[in-house]
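These notes are about the structure you will find just below.
None of the values given here were measured: they were computed from a predicted structure. The chains referred to below are lettered A, B, ... by the order of the sequence lines, with proteins before strands, and numbering in each begins at 1.
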Number of protein chains: 2
Amino acid sequence: MEKALFDARYEAYRLGVEEYLNGLFAANPHWADLYDSMRYSVLSGGKRIRPVLTLEFARLAGLDWRLALPMGCGLELVHTYSLIHDDLPCMDDDDLRRGKPTNHKVYGETMAILAGDALQPAAFRLMLTAPEIDAQKRAACALILAEAAGEDGMVAGQVLDTLHAPKTQEELTEVHRLKTGAMIAGACKLGVAAAGGSAEFLAAAEEYGYQLGMAFQIRDDMLDVIGNVDEFGKPIGSDAEEGKVTFVDLLGLEECEKAVLRCTDAAKQAVAPYDADGFLAQLADQLAGRMK
Amino acid sequence: MEKALFDARYEAYRLGVEEYLNGLFAANPHWADLYDSMRYSVLSGGKRIRPVLTLEFARLAGLDWRLALPMGCGLELVHTYSLIHDDLPCMDDDDLRRGKPTNHKVYGETMAILAGDALQPAAFRLMLTAPEIDAQKRAACALILAEAAGEDGMVAGQVLDTLHAPKTQEELTEVHRLKTGAMIAGACKLGVAAAGGSAEFLAAAEEYGYQLGMAFQIRDDMLDVIGNVDEFGKPIGSDAEEGKVTFVDLLGLEECEKAVLRCTDAAKQAVAPYDADGFLAQLADQLAGRMK
């Protein structure tokens, strides 16, 4: 797919997501600080990869992508809560996220926990009231989110990562499959499910998401070593400082590069029958070579 | 309703709930500690008032109450997460809950936050896969939970209670309407929604729940003064120790007693047309006079 065309579509999706998210948790006289804290993290930018994936998969499955915004943005709210809690002092204890002070640094620990807590039901609410989507598809989407975010998905990955100090390649792969892969795969499936796509398409979307997630995470480990702090948005070398074992430690940079390409190829292959104009392939390629 | 009949039905519901909850988060070799932490709090007893309400309202709306277990127990999981996070050092900093060490005292703060986080999607998952309930009713139930638990429901109440130090009767009423009332009203509505009951019945269930919640909370404030630690399960006088203003401070014990009775009457009146054998009326009366 031509780069200019890809960029234009990605930007249209991203702007759609920003606009949608910006309409949420608008000023409320009674508990303005809770809304402020939620908005602070929800609107703190980022590439919006997850909702963009939802929107593209929805389009490919035959739905007007705008109708899938509640699904993609719902999952993004859950992703956001996970970052807020992940940064807490008793977790990774991070002061910066995307170059800005983390939520608890601005609003305090109590509010950061509560803002994260509130983002979860808010996500399900968006999905379960999505306009022009019937109840069966809404319920299917909400279930995809619940499975991706739960005790054998994202939170399990967080437990393994934070409390079990993964050391081997197998353990590290399991952490990333759960912590990152489950939500990215969920984002892809949401688009297909919102459109009522086939079981085969759902399975392809899931495989694409898992492979993309693994490539993304290995690349993230690489950027923690070779990245530039201004572009990357968080301190370089923070993994090493925290004593975390990464794919770079286990495989070296060169083998990591190869693994990223292998996962990227597998992702592209999984959706080749559906990805007519190559947007998903190009997205996978860009993430594989990203510097931030 | 005859006391023995009431007790037998309540006990049947409660046992159904315990058995259902006991089947959740069974041993998992990969992240056993997360499951343990979730089960520790989920199975720590309590009266199970919320799911019992769901089951009775489902029965009254014409559904086999066993089919409403995923709905009632789903909401109970969210109630449980709120207790885990509520007890954290940066919130109420409690060491005891129902006479047992709080979750973070046993599993540490990091795991307590994560176990709470995982209970939310788990709740939605139960509802969205409830057997023999169609997708429309599942989605309606999940939405009721999302609204009750969210940024203008339970979490808003928690923010007001923890960070805004409510001082007036109006503020205190608002805290309890949000923090306790929204979830109890949600539990009542869930039963009606699972059965596909009418909008009128839903509204009556909601009103009953809010009035019951208010009576419950005022009674709770009273028990913090007049209760017995062994029965009550938490230290007597903890509100005063924490510098919290309660209804007892504002109204005195006698006026509190009257307010509890007023709310209890309003609750009973709201459901009088549906509560043929008086189970809901008896439940309201028992809560009004409870010592624990």
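Take B:Ala195 and apply the side chain to side chain contact (heavy atoms under 4.5 Å, CB included) test, not counting sequence neighbours, and it matches B:Ala61, B:Leu63. Legend: residues meeting side chain to side chain contact (heavy atoms under 4.5 Å, CB included) with A:Arg125, ordered by chain and number and at least two apart, are B:Leu143, B:Ala146, B:Glu147, B:Glu151, B:Asp152.
When A:Leu119, A:Val155, A:Thr129 are compared by the number of non-hydrogen pairs under 4.5 Å with chain B, A:Val155 comes out ahead.
Close approach to chain A, defined as a heavy atom under 4.5 Å from one of its heavy atoms, is seen in B:Tyr81, B:His85, B:Leu88, B:Cys90, B:Met91 of residues 80-93 of chain B, taken by number. Contacts between residues 109-118 of chain B and chain A, defined by a heavy-atom separation under 4.5 Å, are made by B:Glu109, B:Thr110, B:Met111, B:Ile113, B:Leu114, B:Asp117, B:Ala118.
When all heavy atoms are compared, the tightest approach of A:Gly150 to B:Pro121 is CA-CG, 3.7 Å.
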Check the pair B:Gln136, A:Asp134 against side-chain contact (heavy atoms from CB on, under 4.5 Å), reporting the backbone distance first and the verdict last. CA-CA 9 Å; B:Gln136 194 151 2; A:Asp134 68 39; over 6 Å; no
